[in-house]
Amino acid sequence: MTQAEATTIFEEDILNGLKARNKFLSSKYFYDARGDELFQQIMHLDEYYLTRKELEIFNTHKDAILHAIDDGEAFRIIELGAGDGLKTTVLLKYFLEKGVEFTYTPVDISGNVLEILEQNLQAEMPGLRIESYVGDYFDALAEISESPEKDIVFFLGSTIGNFSQGEAEGFLTKLQNFLKPGDLLFMGVDLKKDPAIILNAYNDSQGVTREFNINLLDRINAELGADFDREEFQHYPYYNPHTGECRSYLISTSEQDVVVGGENIHFRAWEAIFMEISKKYDEVQLAELADKSGFSSIDAFHDTERWFADLLWVKK
Ligand SMILES: C[S@@+](CC[C@H](N)C(=O)[O-])C[C@H]1O[C@@H](n2cnc3c(N)ncnc32)[C@H](O)[C@@H]1O
């Protein structure tokens, strides 16, 4: 896709969301260069326990994870939404040390973050076979050639939580259609816990999560010539312990008009833009998700507090 085509799609998606009755913006657009930088800061925040917990799981269980996925044959790891690969590196390094034969194929919509990832990996693991793809998950999967080797899809960091349960079922069903029987899915999910801990992760005391959300307005200003005033919007996350959904909104604190792509967008005072969902699962919901999307569970790895889980599922 050319840059011009990407900008046209970006503009259509943004206007579609801002003209909807309940305004929304897609969280996949958070990740421009500044968004990547802010997400990396979020991952280092004390309140954002998710990275710390998943890292603990990898450090503690890397040998058990390797045994669960390795049957002695070469395999390919396809990582969806790889980001900067901070946590994945722990596993990749261990697999290489153990002499396991595999290829690593990271996919991300942000070309910027993939460049950072490739530089880090080449510096740390010169022996690693890496073939990366920039693009939306399924556009990339359609491009990635079929392999006779077993594919193991990594989908880490609770990125599946950026979908509602129904959307996650649709996403995993579609993913499953790209896989061969016996291929694996290794997926990081955030679990239900004390709601105060969850809410703090999306409302940190330094305001980095607020900045991460507001940055999308800055991006729209820069790329689509819009005139959002970032000071006129308030970041508001809220957690529903029943569904496990933490939803983030930007709320217009005044009645105002914003021009986006040459169109006038009207905001009533206190009107909200839905920005992102970060869903937390319980065991019943996970069993239902696997069943409805065509996977069977084979293993699960937890941190000591059981706040987070990395699940190993096989395509039925
Ligand atoms: C929540 S971050 C997780 C990053 C990393 N997996 C981790 O665990 O730290 C989500 C990543 O997915 C990428 N992403 C989001 N939506 C995407 C899409 N539709 N297609 C491809 N990548 C996407 C983002 O650029 C970002 O790097």
Side-chain angles (χ1 to χ4, degrees), residues 1 6 9-10 13-14 17 24-45 48-59 65 77-92 104-118 120-121 132-144 152-164 167-168 170-172 174-175 178 185-190 201-202 208-209 212-213 215-216 219 237 246 248 275-280 301 303 307-311:
M1 193 187 305
I9 294 173
F10 178 53
D13 284 353
I14 297 301
F24 66 91
L25 291 172
S26 166
S27 61
K28 75 177 176 188
Y29 291 124
F30 281 156
Y31 301 91
D32 63 351
R34 174 80 181 132
D36 290 336
E37 202 180 293
L38 286 164
F39 187 69
Q40 283 165 29
Q41 283 180 32
I42 288 173
M43 290 199 298
H44 289 100
L45 290 170
Y48 195 78
Y49 58 84
L50 291 85
T51 309
R52 210 168 51 246
K53 292 294 173 191
E54 196 167 41
L55 204 49
E56 178 195 322
I57 294 172
F58 292 176
N59 278 314
I65 294 169
I77 295 173
I78 301 174
E79 179 164 12
L80 300 180
D84 71 355
L86 172 86
K87 290 165 292 179
T88 318
T89 306
V90 172
L91 294 181
L92 299 180
Y104 177 56
T105 300
V107 169
D108 206 288
I109 199 163
S110 164
N112 169 66
V113 87
L114 274 187
E115 266 176 42
I116 298 173
L117 172 67
E118 278 194 27
N120 291 345
L121 291 178
S132 47
Y133 286 81
V134 180
D136 208 85
Y137 303 124
F138 290 110
D139 295 340
L141 281 170
E143 262 183 61
I144 295 173
I152 305 171
V153 174
F154 279 27
F155 196 37
L156 306 178
S158 181
T159 306
I160 189 70
N162 294 147
F163 299 116
S164 67
E167 288 165 349
F171 180 87
L172 294 181
K174 202 166 161 190
L175 170 64
F178 278 92
L185 171 65
F186 184 60
M187 182 167 69
V189 291
D190 197 13
Y202 300 93
V208 187
T209 324
F212 182 60
N213 279 265
N215 177 60
L216 180 47
R219 178 179 182 184
C246 187
S248 300
M275 302 295 285
E276 187 179 41
I277 178 172
S278 304
K279 181 175 155 58
K280 316 302 164 191
F301 306 90
D303 61 289
W307 283 8
F308 200 92
D310 282 286
L311 312 172

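Atoms within a ligand are numbered from 1 in the order they appear, just like the ligands themselves.
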Novice: Check side-chain contact (heavy atoms from CB on, under 4.5 Å) between A168 and all other residues, then give those that pass, not counting sequence neighbours.
Specialist: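 Once residues adjacent in sequence are excluded, the partners of A168 under the side-chain contact (heavy atoms from CB on, under 4.5 Å) criterion are I160, F163, Y281, L289.
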Novice: So, for F155 and F171, is the gap between ring centers shorter than 6.0 Å?
Specialist: yes
Novice: Check whether F10 forms a cation-pi arrangement with R219 (NZ or CZ under 6.0 Å from the six-membered ring centre, at most 45° off the ring normal).
Specialist: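 Yes.
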Novice: Can you name the salt bridge (Lys or Arg N to Asp or Glu O under 4.0 Å) partners of D36, sequence neighbours left out?
Specialist: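 D36: no salt bridge (Lys or Arg N to Asp or Glu O under 4.0 Å) contacts found.
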Novice: Name each N or O atom in ligand 1 that is under 3.5 Å from a protein N or O, and give the partner atom and the distance.
Specialist:
residue	atom	partner	partner atom	Å
ligand 1	6 (N)	G81	O	2.7
ligand 1	8 (O)	K87	NZ	2.7
ligand 1	8 (O)	G157	N	3.4
ligand 1	9 (O)	K87	NZ	3.4
ligand 1	14 (N)	Y137	OH	3.4
ligand 1	16 (N)	Y137	OH	3.4
ligand 1	19 (N)	D136	OD1	3.1
ligand 1	20 (N)	Y137	N	3.1
ligand 1	22 (N)	I109	N	3.1
ligand 1	25 (O)	D108	OD1	2.5
ligand 1	27 (O)	D108	OD1	3.4
ligand 1	27 (O)	D108	OD2	2.7

Novice: With sequence neighbours left out, write down each residue that passes salt bridge (Lys or Arg N to Asp or Glu O under 4.0 Å) with K279, or none if nothing qualifies.
Specialist: none
Novice: Given the side-chain rings of Y31 and F212, with only the six-membered ring counted for Trp, is the space between their centroids under 6.0 Å?
Specialist: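 Here the rings of F212 and Y31 have centres that are less than 6.0 Å from each other.
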